[in-house]
Amino acid sequence: MFSRIFGQKIYLDYAAITPVDLRVVKIMNKILKSHWHNPSSLYDAGVQASKYLEKSRKDVSAILSGVSANSVHSDEIIFTGGGTESNNMAIQGVLKAWKGVGLPHIVTTAIEHPSVKKLVENLIKESKITASFVGVDADGLVDLKELKEILQTHKNIALVSVMLVNNELGTIQPISEIASLIRKYRKEQGGVYPIFHTDACQAPNYIDMQIDKMGVDLLTLDGGKIYGPRGTGCLYIKRNTPIHKIFFGGAQESDLRPGTENLPGIVGFAAALRLVHADKEKENNRLRSFQEYIKKNLPESVSINGTMDPDKRISNNVNICLPGLDAEFLLFKFDVAGIELSTGTTCQNKQEDSRSYVVDALGNECGGSSLRISMGRGTTKRHVETFIKVLGKIIKK
């Protein structure tokens, strides 16, 4: 056993959840104290609350527009309860709007987040769709040749869903190239399908988020990944995208997400997105140096899962393989030593089979022996140095 080096544990699981930025808390407290009224109310306090709601919508759309001013409109932003809800709204909403002949076909990948992968698998089980799961190469990048072949084979593809940044590996998928293939398919088919969706929850802290460069129709974001409040997020829906509501009740959020809006959460989400956007370059450079340190100082028996090309992997992620060792046992060892990290997606950890299907998709059979190190604002050089020291001790035990 190792004594903890610091008074508190070292947190290296930022891909699972980020702490709320204190600047965001301050902004949310203002709303909680002074603008707690229902934004749908017609009296003055409700109107004032509504103004904060719409300002948040404009702020999010401006960040997703980037330098191309107004390429994203505020009415294209639907506030939600987070990434999983947004993914469900996107996929199920497109399927409800489908008017093609026969069962709709969904194309996704073998390494999607469970909120996409399990939803698609369940829809297959219920005989509501057919689907293709595109494989990835040893670097963790989508096989574009396989995707192209699928697009050439199927004539009733309703949706393509590919995550922008993988939550376990940190790999950045070639979204704009996939969008180009989809545009070619649409032209050949003479229609609006397939709709292109991306789960971008892990992306805003580290990469360019301009929608027009990506070429997507639907995009998912989550407040809990960007130092905002958990239980918040949004779904970008490009104008004229065929999508139907899957929830029923009030007409809030363009009649797609009923219920009184979580105004403090929404304002906090928008504020957090503004802050990570402003801090992106500086934080990227800092974390990239830590990522390189870990890479260069890993024990010889430990390898890295996925590419380490800085253009194809976000700066805060290192996913390692420890052949012959059990990932959950390693997790316990690190926890005792005062370091918090994960074996993969937290949405899978408490299930009977917590083996990483994402790592297994790389073809190295390391899904049961891998750990994800994901860094963030609170990570210091001393933290990564301590991680390397503890890793060496655990391997020798």
Please table the atom pairs, donor to acceptor, closer than 3.5 Å between any side-chain atom in residues 315-322 and protein atoms at least two apart or in another chain.
| residue | atom | partner | partner atom | Å |
| --- | --- | --- | --- | --- |
| Ser315 | OG | Asn284 | OD1 | 2.6 |
| Asn316 | ND2 | Tyr206 | OH | 3.2 |
| Asn316 | ND2 | Met375 | O | 2.9 |
| Asn317 | OD1 | Arg313 | NE | 3.2 |
| Asn317 | OD1 | Arg313 | NH2 | 2.8 |
| Asn317 | ND2 | Glu168 | O | 3.0 |
| Asn319 | OD1 | Asn305 | ND2 | 2.7 |
| Asn319 | ND2 | Glu168 | O | 3.1 |

Name the atoms and distances for all side-chain donor-acceptor pairs under 3.5 Å in residues 172-183, with sequence neighbours left out.
| residue | atom | partner | partner atom | Å |
| --- | --- | --- | --- | --- |
| Gln173 | OE1 | Val142 | N | 2.8 |
| Gln173 | NE2 | Gly140 | O | 2.9 |
| Gln173 | NE2 | Thr171 | OG1 | 3.4 |

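Shown are Thr220, Thr241, Thr108; of these, the side chain to side chain donor-acceptor pair (under 3.5 Å) with His197 is made only by Thr220. Of the candidates Asp199, Ile243, Ile91, Ile78, Ile243 is the only one forming a side chain to side chain contact (heavy atoms under 4.5 Å, CB included) with Leu218.
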Quick one: do Asp13 and Arg372 satisfy salt bridge (charged side-chain N to carboxylate O under 4.0 Å, His left out)? Show the steps, please. CA-CA 8 Å; Asp13 200 19; Arg372 178 184 68 184; 3.1 Å; yes
Asp279/Lys282 under side chain to side chain contact (heavy atoms under 4.5 Å, CB included): CA gap, chis, key distance, verdict: CA-CA 6 Å; Asp279 295 343; Lys282 181 179 179 181; 5.7 Å; no
Side chain to side chain contact (heavy atoms under 4.5 Å, CB included) assessment of Val60 paired with Phe269: CA-CA 9 Å; Val60 173; Phe269 166 76; 3.9 Å; yes
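Side chains of Glu126 and Asn122: a donor on one and an acceptor on the other come within 3.5 Å.
Hydrophobic clustering (ILVMFWY, side-chain heavy atoms < 4.5 Å, transitive): Leu221 and Leu256 are in distinct clusters.
A tilted orientation is assigned to the rings of Tyr52 and His35, their planes being inclined by 30° to 60°.
For the pair Thr109 (side chain) and Val134 (backbone), a donor-acceptor distance under 3.5 Å is absent.
In this structure Asp217 satisfies the salt bridge (Lys or Arg N to Asp or Glu O under 4.0 Å) test together with Arg186, sequence neighbours excluded.
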